[in-house]
Amino acid sequence: MSIIEARGLSKSFQQAVKEPGLKGALKHLLVPKNITKVAVQPLDLSIEAGETVAYVGPNGAGKSTTIKMLSGILMPSAGSISVNGINPYKKRMENAAQIGAVFGQRTQLWWDIPIVESFSLLKDIYQIPEPVYRANLDQFIELLGMNEFIHLSARKLSLGQRMRADLAAALLHNPPIVYLDEPTIGLDVSVKQKIREFIKKINQEQQTTVMLTTHDLGDIEDLCKRLIIIDHGSIIYDGSLSEVKSRFAKSRVIFFQVGSPMPELYEQLAQTDGMKLELQNEQEFSVSFDRYEYTASDVVSRVMRHGEVIDFRMEDANIEQVIKAVYDGNLDLNQSGQ
Ligand SMILES: Nc1ncnc2c1ncn2[C@@H]1O[C@H](COP(=O)(O)OP(=O)(O)OP(=O)(O)O)[C@@H](O)[C@H]1O
Ligand SMILES: [Mg+2]
């Protein structure tokens with residue numbers, strides 16, 4: 001059995017329908033009107049121990065709702081969940097011992113006490129043995145660069161500092177499973193990098209299972225082999241990241257460095273469907289092309305006919321295009337992509 005298993009898991013919320021203004025609020029008070037919002041449609045999930053899975057989708061797709069159900073915070077409307085053999089909502093205490101969770105949008109640290117004291121409280125709550133606690137704390141301080149702020153209260157931390165502290169707090173008790181809901185939201189590149197390296201290390205060294213939601217495609221490329229895409233509460237893709245890239249990234253780009261400008265080529269490309277030219281300077285340009293219409297050698301030979309090519313390189317298919325197409329509703333992942 002997989003470490004995380006969900007069958008027919010779904011969640012609906014009652015949402016109030018109010019007319020605008022005071023009149024609407026009063027009317028709602030007297031005659032409440034609600035609609036049922038299906039946040040997560042019945043879905044199945046199986047995640048193996050040690051996997052790093054990216055769980056992505058547009059705003060409001062149902063990602064956080066799924067994570068909240070898996071972590072035992074929300075009761076599902078229907079379906080079953082087993083996390084390491086435990087029903088997370090029914091056995092919340094047992095479940096808490098085996099998971100770590102970071103919700104990037106809000107902290108789980110005590111607001112008014114120094115971070116290091118929060119950690120020490122967590123040590124007692126999770127009954128972390130002293131040597132494990134010490135070793136983890138030392139390692140986390142080092143890896144996440146927390147020395148300069150560990151004695152401050154959470155209230156005083158910057159967003160990037162708080163996120164690092166939250167991540168450390170979630171992992172102090174060595175949970176085998178960690179849910180990270182937008183752990184890099186709003187962070188600068190260097191903090192993002194620290195957090196990614198940290199997650200990678202924990203996964204590699206302790207085989208921690210990681211489920212990550214993010215809107216940062218760099219996080220996905222860097223950390224996850226498997227990608228699950230959810231849209232309007234339903235899973236529309238579940239498979240390897242490399243497969244989705246090679247199957248669905250429609251265009252490819254070749255960058256050229258040439259001996260001298262090629263005005264005739266530029267004119268020709270402007271009139272060719274499925275190819276797009278971008279000039280960098282006199283001697284450098286890129287051609288993006290539809291990989292289902294042309295091959296790379298079509299493009300290269302066409303350029304070579306117009307003069308000397310000093311160098312060229314091809315850019316890999318990019319997950320960004322795929323995700324954007326999915327978010328824009330322009331890609332049906334059930335199709336073959338041809
Ligand atoms: N407590 C709630 N009460 C009513 N509706 C809710 C509640 N929580 C979530 N929803 C609704 O469920 C849907 C899914 O929300 P969810 O937070 O899971 O989206 P998400 O995929 O995490 O989006 P984002 O990328 O913006 O974080 C949304 O339409 C949201 O308005
Ligand atoms: Mg969310």
Side-chain angles (χ1 to χ4, degrees), residues 4 6-20 24-25 28-29 32-45 47 52-79 81 83 88-89 92 99-108 159 162-163 166-167 170 177-187 192 195 199 210-221 223-224 226-238 241 244 319-320 322-331 333:
I4 300 174
R7 291 285 164 264
L9 182 65
S10 71
K11 181 73 190 177
S12 302
F13 293 106
Q14 289 301 310
Q15 287 180 345
V17 187
K18 284 186 210 165
E19 285 165 33
H28 183 76
L29 212 60
K33 216 167 114 193
N34 291 317
I35 53 155
T36 303
K37 165 82 197 175
V38 183
V40 174
Q41 313 255 15
L43 58 80
D44 296 340
L45 263 182
I47 294 172
T52 42
V53 178
Y55 194 53
V56 309
N59 290 135
K63 304 178 296 292
S64 297
T65 306
T66 314
I67 302 277
K68 284 177 191 161
M69 289 193 282
L70 295 177
S71 55
I73 296 170
L74 265 182
M75 187 170 87
S77 300
I81 309 175
V83 177
Y89 190 75
R92 296 179 71 158
I99 67 158
V102 174
F103 292 92
Q105 312 273 13
R106 59 163 210 264
T107 183
Q108 300 184 85
L159 178 64
R162 200 216 81 206
M163 210 77 97
D166 255 310
L167 192 60
I177 299 150
V178 53
Y179 302 109
L180 305 171
D181 191 354
E182 303 198 38
T184 58
I185 191 166
L187 305 188
K192 251 185 209 173
I195 287 190
I199 298 169
V210 180
M211 188 162 175
L212 167 82
T213 81
T214 180
H215 291 289
D216 186 314
L217 302 174
D219 289 348
I220 307 175
E221 297 255 20
L223 293 170
C224 304
R226 177 168 163 201
L227 177 71
I228 300 176
I229 306 178
I230 177 172
D231 192 17
H232 294 106
S234 300
I235 290 177
I236 55 170
Y237 178 81
D238 181 354
L241 179 63
V244 83
I319 187 66
E320 199 168 336
V322 183
I323 304 273
K324 185 170 180 306
V326 172
Y327 284 18
D328 291 345
N330 296 333
L331 189 62
L333 289 163

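Whatever order the structure lists them in is the order used to number ligands and atoms, beginning at 1.
- A donor-acceptor contact closer than 3.5 angstrom is absent between the side chains of Asp216 and Thr184.
- Proximity to Ser64 (heavy-atom distance under 4.0 Å) selects the following atoms of ligand 1: 17 (O), 18 (O), 20 (P), 22 (O), 27 (O).
- In this structure, the protein non-hydrogen atom closest to atom 26 (O) of ligand 1 is Asn59 ND2, 2.9 Å.
- Of all the atoms in ligand 1, the ones that sit under 4.0 Å from a non-hydrogen atom of Ala61 are 19 (O), 20 (P), 21 (O).
- Under the 4.0 Å criterion applied to side-chain N and carboxylate O atoms, Arg226 and Asp238 are assigned as salt-bridge partners.
- The closest heavy-atom contact to atom 14 (C) of ligand 1, among the options Ser12, Gly60, Pro58, Ala16, comes from Gly60.
- Of the listed residues (Val40, Thr65, Ile35, Val38), the one carrying the non-hydrogen atom nearest atom 16 (P) of ligand 1 is Thr65.
- Counting protein heavy atoms only, atom 12 (O) of ligand 1 is closest to Ala39 CB, 3.3 Å.
- By heavy-atom distance, the residue among Lys37, Gln14, Gln15 lying nearest atom 31 (O) of ligand 1 is Gln15.
- Shown are Leu212, Thr214, Leu241, Ile195; of these, the side-chain contact (heavy atoms from CB on, under 4.5 Å) with Leu223 is made only by Leu212.
- Against a heavy-atom cut-off of under 4.0 Å, Glu182 is close to the following atoms of ligand 1: 25 (O), 27 (O).
- Within a 6.0 Å sphere centred on NE2 of His215, heavy atoms belonging to other residues, nucleotides or ligands number more than 12.
- Residues Thr213 and Leu180 have side chains not in contact (no heavy-atom distance under 4.5 Å, counting atoms from C-beta outward).
- When distances to the Mg ion (ligand 2) are checked against a cut-off of 2.8 Å, Ser64 contributes an N, O or S atom below that limit.
- Looking at heavy atoms from C-beta onward, Val53 lies out of side-chain contact with Val210 at the 4.5 angstrom threshold.
- Looking at heavy atoms from C-beta onward, Leu9 lies out of side-chain contact with Asp44 at the 4.5 angstrom threshold.
- The protein heavy-atom contact nearest to atom 9 (C) of ligand 1 is Phe13 CE1, 3.4 Å.
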